[in-house]
Undergrad: 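Handing you this structure, nothing more for now.
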Amino acid sequence: MSGRVFALSDGNSFYCSCERVFEPALNGRPVIVLSNNDGCAIARTPEAKALGIQMGDPWFKIRDHATAAGVVARSSNYVLYGDMSRRVNDVYRRYARDVEIYSIDESFLDFTGDADPAGQAREMRATVRRWTGIPTCVGLGPTRTLAKVANHLAKKRPELAGVCDLTEPARQDALLPTVEVADVWGVGRASAAKLTAIGVMTAADLCAMDPRAARGLLTVTGERLVLELRGILCQDLELTPPTRKGIAVTRMFGRPITDLDELLEAVASYVARAGEKLRQHGLASADMTVFFHTGAHAAGPPRSVSGRAALWTPSSDTTEMIAAATVVVRRLWAPGFRYAKAGVMLDDLMPAGSATGDLLAKVDPRREQLMAALDQVNRRHGRGALVPARAGLTKRWSTKADMRSPAYTTRLSETPIARA
DNA sequence: TCTGGGGTCCTAGGACCC
DNA sequence: TCTGGGGTCCTAGGACCC
């Protein structure tokens, strides 16, 4: 046993609950919150679930039936949800020694060493409700995975009154057989299919599995899962948020796009938004991927393309990034398709303006030669002297293909779309 | 001239999460 | 006509080097 006690607390139907806080008339009524463009349902109250509305149901398909049944639909308001999330976490911090904010509506709490974790969880839950208006459920366990399972049970079993305690092995033995393996955190559709095919149907079955066999079937992720279900800690709380690895802005269009200029305009606005995010975090990126594709459900020929632009120096400059994105889009463009979605992703993030020339020497012994060559290229493109940002990039710069290219290199690819 | 093995880095793609 | 928008981690395989 780890001796640790973790709690997972999350807001019930969080987005819907936030809407109810500011509009109490919605209490007791079936409520759903819709995604961008009011595309589909992304949050549902129990009353809405009882009417058969599924996660991800397209609004245009269920609108008639839902409104007739008295369902209230709201467009999403992420500023509001973010603010409510902050308030809820402020309450958590009064009860837990440490808090890891896992998502907008879920946090892992460290209750290790507390005399009565379950009693504390009940009190915390009541306080959150009283101070913020948000109903929550809490799961307790010696590992994060068991705390997740406990939280799942707390939500599903009304008799538990919103708190499920799986810290004791006896409770684990009693309850794990009642949890379907697909409901274990980390077991998705593909893994669930593999597991049930060999007769592993419940969380208890998975717990009893040979860890090596789990690794063979599901890689290290599966092995860790088995150990964590047995109460052996594999992942502790992450108290300092890890630095971001990528920034993405992607959108479905409200209607299909068939015109290049329209697509360019959309992509430019996504790039501008991505640049804003970049500067907000004080970061820069030299690795941009742009993609667009037709709708998965739409009529007409399918097409999905993407292209990467490697910028010479890491940038967060909107004009520069839009120029690169425009080149990629033009090269990928083909008429005759009804494009439904596009996006831009920035990877290889690093602090803006970080300049450490000595890294280059470590990576490539032909430093002098390389520096001279890169300097020439940079001057030719009006970029002034070379400012290498970090080691990983020097490799890319040093290839011959990159030397010949103008401000950036592009790589394009097309992937088939699977049609149902 | 012929030949192999090991290490590292990078990339694409799958799977999963909320 | 209309079906979300972010993220992370892991692995396999190729390129490259010694």
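Just the heavy atoms: all of them, side chains too, but no hydrogens, waters or symmetry mates, feed the values below. Reminder, nothing fancy here: chain letters follow the sequence lines and each chain counts from 1.
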Undergrad: Check every strand shown and say whether A:Trp59 touches a base, only sugar-phosphate, or nothing at a heavy-atom separation below 4.0 Å.
TA: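 Result for A:Trp59 = nothing.
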Undergrad: Should the ring pair A:Phe292 and A:Trp333 be called parallel, tilted or perpendicular, given that the plane angle runs from 0 to 90° and is split at 30 and 60?
TA: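 If you compare the ring of A:Phe292 with that of A:Trp333, the planes turn out tilted.
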Undergrad: Hey, does the side chain of A:Lys148 come within less than 4.0 Å of B:dC18's phosphate (OP1/OP2), counting only N and O?
TA: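 Answer yes for this pair, as a side-chain N or O of A:Lys148 is under 4.0 Å from OP1 or OP2.
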Undergrad: Using a heavy-atom cut-off of 4.0 Å across all strands, would you classify A:Gly343 as base, sugar-phosphate, or nothing?
TA: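 Touches nothing.
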Undergrad: Please work out if A:Asn37 contacts a base, only the sugar-phosphate, or nothing of the nucleic acid, heavy-atom cut-off 4.0 Å.
TA: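 The answer is nothing, as A:Asn37 stays clear of every strand by at least 4.0 Å.
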Undergrad: Expressed as a whole number of angstroms, how long is the span from A:His65:NE2 to C:dC2:C1'?
TA: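 From A:His65 NE2 to C:dC2 C1': 19 Å.
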Undergrad: When the nearest nucleotide of DNA chain C is assigned to A:Arg255 and to A:Ile247 on a heavy-atom basis, which residue is associated with the more 5' position?
TA: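 With A:Arg255 and A:Ile247 compared, the 5'-side residue is A:Arg255.
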Undergrad: Can a donor-acceptor pair be found between the side chains of A:Asp317 and A:Ser315 at a distance below 3.5 Å?
TA: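 No - no donor-acceptor pair under 3.5 Å links their side chains.
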Undergrad: Pick base, sugar-phosphate or nothing for A:Val184, based on heavy-atom distances below 4.0 Å to the nucleic acid.
TA: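 If one applies the 4.0 Å heavy-atom cut-off, A:Val184 turns out to touch the sugar-phosphate alone, with no base involved.
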Undergrad: Are A:Thr243 and A:Leu349 packed together at the side-chain level, in the sense that at least one heavy-atom pair is separated by less than 4.5 angstrom?
TA: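 A side-chain contact is absent here, since even the closest heavy-atom pair is not under 4.5 Å.
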Undergrad: Distance check needed: C:dG4 C1' versus A:Arg251 CZ, whole Å only.
TA: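 Interatomic distance, CZ of A:Arg251 to C1' of C:dG4: 9 Å.
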Undergrad: What's the OH-C1' distance between A:Tyr102 and C:dG7, to the nearest Å?
TA: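 Rounded to the whole Å, the gap is 10 Å.
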Undergrad: Atom CD1 of A:Ile42 to atom P of C:dG5: distance rounded to whole Å?
TA: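 About 10 Å, once rounded to whole Å.
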Undergrad: If you look at every strand shown and take non-hydrogen atoms under 4.0 Å, does A:Arg273 touch a base, only sugar-phosphate, or nothing?
TA: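 Contact class for A:Arg273: none.
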Undergrad: C:dC10 phosphate, OP1 or OP2: any side-chain N/O from A:Arg224 under 4.0 angstrom?
TA: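 It does, given that an N or O in the side chain of A:Arg224 lies less than 4.0 Å from OP1 or OP2 of C:dC10.
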Undergrad: Does B:dA15 have a Watson-Crick or wobble partner in any strand here, with both distances under 3.5 angstrom, and which is it?
TA: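 Looking at the geometry, B:dA15 pairs with C:dT8.
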Undergrad: Just to confirm, is there a sub-4.0 Å distance from OP1 or OP2 of B:dC16 to any side-chain nitrogen or oxygen of A:Ser191?
TA: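 It does, given that an N or O in the side chain of A:Ser191 lies less than 4.0 Å from OP1 or OP2 of B:dC16.
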Undergrad: Within the 4.0 Å heavy-atom criterion, would you say A:Lys61 contacts the bases, only the backbone, or no part of the nucleic acid?
TA: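 Base, at least one base atom sits under 4.0 Å.
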Undergrad: Classify the nucleic acid contact of A:Lys277 as base, sugar-phosphate or nothing, counting any heavy atom under 4.0 Å across all strands shown.
TA: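 Touches sugar-phosphate only.
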Undergrad: I want to confirm an ordering. Mapping A:Ala340 and A:Val249 to their closest nucleotides on DNA chain C, which one lands closer to the 5' end?
TA: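 In this pair, the answer is A:Ala340.
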Undergrad: Are any of A:Arg244's side-chain N or O atoms less than 4.0 Å away from OP1 or OP2 of C:dT8?
TA: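 So the side chain of A:Arg244 is outside the cut-off, no N or O lying under 4.0 Å from OP1 or OP2 of C:dT8.
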Undergrad: Rounded to the nearest Å, what distance is computed from the CG atom of residue A:Leu218 to the P atom of nucleotide C:dT11?
TA: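 Rounded to the whole Å, the gap is 11 Å.
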Undergrad: Which part of the nucleic acid, if any, lies within reach of A:Ser76 when heavy atoms closer than 4.0 Å are counted: base, sugar-phosphate only, or nothing?
TA: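 If one applies the 4.0 Å heavy-atom cut-off, A:Ser76 turns out to touch nothing in the nucleic acid.
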Undergrad: Mind checking if A:Pro242 touches a base, just sugar-phosphate, or nothing, with heavy atoms under 4.0 Å?
TA: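 Since no nucleic acid heavy atom lies under 4.0 Å of A:Pro242, the category is nothing.
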